[in-house]
Amino acid sequence: MAALAPFARGLAAFAFAIGLWQVVVWLTGVPHFILPSPERVARALVNSRALIAQNAVVTFAQILAGLALGAALGVITALQLVSSPTARLLLRPVIVFAQAVPIFALAPILTLWLGYGMGSKIVTVVLIIYFPVASAFYDGLMRTPRGLLDLAQTMNASPWRTILRLRLPNAVPSLASGMRLAAVYAPFGAVIGEWVGASRGLGYLMLLANGRAQTDLMFAALFVLAAFTVLLHATIDRAGAALTRRFAEPEG
Amino acid sequence: MTSPPAVTIAGDALIGEARLFDGLRLDMPAGAWTSLLGPSGVGKTTILRLIAGLDTGARFEGSVTTSDGASLSGRVAYMGQSDLLAPWLDVAGNVALGARLRGERPDRARIRDLLARVGLDGLGGRRPHELSGGQRQRVALARTLMEDRAVVLLDEPFSALDSGARAQMQELAGTLLEGRTVLLVTHDPGEAVRLSARAFLMEAQGLSPIDLPPSPPVRALDAPDTIAAQAALLRRLREAA
């Protein structure tokens with residue numbers, strides 16, 4: 001029951017939001033191409049399921065590939081930063097600068113360079129999640145207790161073994177929180193990439209539906225994307241919590 | 001383990017322009033326990049960290065010398081106030097930490113034997129959070145013994161324990177570290193009196209020796225001369241404060 005409770009609560013909140021939406025549509029009598037009722041969206045979801053599924057697969061693949069690639073790059077960067085003062089000096093300002101450039105401004109250039117295919121979208125996702133992953137993991141690596149590092153020094157530990165066997169396991173909980181953020185940002189990156197220029201994907205479908213005043217289809221695509229994001233976040237959250245239990249001292 | 005040397009540290013330490021200590025000289029006899037007591041902030045831990053070769057934040061002008069003339073690098077083990085157990089490793093993994101960090105294969109039989117000697121027989125598979133404070137400090141002691149170093153530096157290692165566990169740990173450490181050159185930094189006069197062959201009170205003006213009972217350490221908790229020496233030391237600490 002206790003494990004079910006959050007799920008039940010989520011379901012209740014979802015039902016409440018749908019109800020509120022329906023009431024607004026009834027009370028205002030707003031035309032369906034401005035705000036379709038939940039029932040119309042549900043019908044669009046069922047009627048256009050093949051179309052939505054085709055495009056969803058593309059977007060999901062971009063999100064997952066970008067997430068994996070961005071996380072790997074972030075982890076490598078953080079390890080690089082922690083093991084070399086020169087890298088800290090040279091790389092850190094570049095990373096912060098890269099993060100300061102709005103992804104909206106970069107997306108058209110990425111499309112220009114990498115074309116309309118999945119490549120430019122994956123790179124957009126990578127760029128958007130790289131910073132949170134790298135900085136969270138780097139913080140964790142640097143937050144290794146002073147006493148443990150002192151102990152390692154008296155034990156004549158080699159520098160890279162100190163990183164591998166002390167700093168890295170100590171930073172696993174921080175990496176998990178970075179990944180939780182990345183899971184929420186990643187779909188955002190893929191959709192921006194598709195808006196700028198694509199021939200497939202949920203972002204593309206949403207833009208197309210909007211242009212044709214098929215607001216119900218747009219909402220249906222949006223719903224699928226949001227549901228996937230929630231699922232992705234929940235999965236990574238659970239994996240992260242399990243890893244944190246494994247690597248950190250339980251609290252209390 | 002090489003035969004333990006006597007260790008001498010002599011010199012001045014400065015933090016910025018302020019002097020932490022000046023013209024200090026501490027002689028630690030070979031193969032025996034030396035204790036250092038005194039008010040907080042007087043530089044006891046700095047001395048211990050200087051001998052360990054760790055960062056101190058102070059500028060040290062002086063030298064750490066050994067009776068055999070060899071460097072202390074690789075001959076020192078360190079045990080601090082907190083047990084410093086890695087939460088992701090089990091008990092055996094924590095005892096093997098030094099070997100792992102040097103890229104050596106840990107000697108499993110030796111780990112089992114050391115765990116038995118510190119009274120943790122069969123608990124090698126437990127995680128640190130499943131142990132009591134006293135048990136955790138026993139793991140830290142086993143990890144220190146695993147390193148098998150001639151010089152052992154203890155920085156208030158038992159101060160976080162309750163008095164029962166502390167008395168047990170003192171006896172255990174006193175027995176198991178016998179024959180090594182040990183420096184114990186402590187705030188507990190009873191601990192210094194029980195364990196030391198030589199003890200010093202450290203104050204801003206320098207070190208002064210502390211009178212200890214003639215019996216050899218580890219001295220019984222309730223022996224009259226232990227209690228008398230402890231009371232005399234407590235009086236001196238009160239005057240120094």
Side-chain angles (χ1 to χ4, degrees), chain A residues 75 78-79 82-85 88 136-180 236-252, chain B residues 45 48-57 71-90 93-104 106 127-131 133 136 139-140 143-157 160 183:
Chain A
V75 164
L79 287 172
V82 83
S83 58
S84 147
R88 275 207 286 282
F137 190 45
Y138 173 73
D139 281 351
L141 290 170
M142 291 305 274
R143 239 186 284 121
T144 310
R146 186 71 241 168
L148 264 178
L149 297 175
D150 286 344
L151 192 66
Q153 197 187 326
T154 63
M155 287 168 164
N156 304 87
S158 71
W160 74 266
R161 281 207 184 82
T162 306
I163 291 176
L164 195 72
R165 293 199 176 271
L166 285 184
R167 288 192 189 265
L168 196 141
N170 190 69
V172 165
S174 305
L175 178 62
S177 35
M179 286 302 294
R180 267 193 284 266
I236 289 185
D237 188 48
R238 288 205 160 196
L243 279 174
T244 302
R245 269 198 304 282
R246 175 67 189 80
F247 281 89
E249 197 97 8
E251 279 166 47
Chain B
T45 295
L48 184 136
R49 292 179 67 91
L50 283 169
I51 298 173
L54 297 171
D55 291 339
T56 57
S71 151
L72 275 178
S73 168
R75 290 204 288 169
V76 170
Y78 165 76
M79 192 171 161
Q81 186 171 3
S82 91
D83 49 59
L84 296 174
L85 299 184
W88 59 88
L89 296 174
D90 62 11
N94 269 288
V95 177
L97 183 68
R100 289 283 186 213
L101 285 172
R102 288 185 295 272
E104 299 160 3
R127 296 275 301 280
H129 66 86
E130 297 169 318
L131 303 178
R136 292 177 64 120
V139 179
R143 184 184 58 199
T144 309
L145 290 166
M146 186 73 187
E147 291 301 291
D148 199 20
R149 301 290 173 91
V151 178
V152 178
L153 305 169
L154 306 174
D155 193 2
E156 299 186 49
L183 177 63

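None of these values were measured; they are calculated from a predicted model. FYI, side chains are in, hydrogens and waters are out, and symmetry mates aren't considered; it's all heavy atoms of this structure.
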#### Entry: Engaged part of Ala248(A) at the chain B interface, taking heavy atoms whose separation is under 4.5 Å
backbone
### Nearest-0.5 Å distance that lies between atom OG1 in Thr154(A) and atom CZ in Arg149(B)
6.5 Å
### Message
Please output the residues of residues 140-147 of chain A in contact with chain B, using a heavy-atom cutoff of under 4.5 Å, in numerical order.
### Response
Arg146(A), Gly147(A)
### Query
So how far is it from Thr144(B) OG1 to Met155(A) CE, rounded to the nearest 0.5 Å?
7.0 Å
### Task
Name the region of Leu166(A), side chain, backbone, both or neither, that has any atom closer than 4.5 Å to a heavy atom of chain B.
both
### Query
Considering heavy atoms only, which positions within residues 167-179 of chain A lie below 4.5 Å of chain B?
Pro169(A), Asn170(A)
### Query
Backbone N or O of Ser158(A) within a donor-acceptor pair of the Arg102(B) side chain at under 3.5 Å?
no
### Query
Once you round to the nearest 0.5 Å, how far does CG of Leu84(B) lie from CG of Leu148(A)?
5.5 Å
### Query
How many angstroms lie between atom CG of Leu151(A) and atom OG of Ser82(B), to the nearest 0.5 angstrom?
9.5 Å
#### Entry: chain A interface, residue from Arg75(B), Met79(B), Arg136(B) that has the most non-hydrogen pairs under 4.5 Å
Arg136(B)
### Query
Looking only at heavy atoms, which two atoms of Ser73(B) and Asn156(A) are closest? And how far apart?
OG-ND2, 4.1 Å
## Note on the structure
Heavy-atom nearest pair, Arg127(B) first then Arg245(A), reads NH2-O, 3.7 Å
### Message
Can a donor-acceptor pair be found, under 3.5 Å and without considering hydrogens, that links the side chain of Glu249(A) to the backbone of Pro128(B)?
### Response
no
### Heavy-atom pair with the smallest gap, counting every atom of Leu101(B) and Arg165(A)
CD2-CB, 3.9 Å
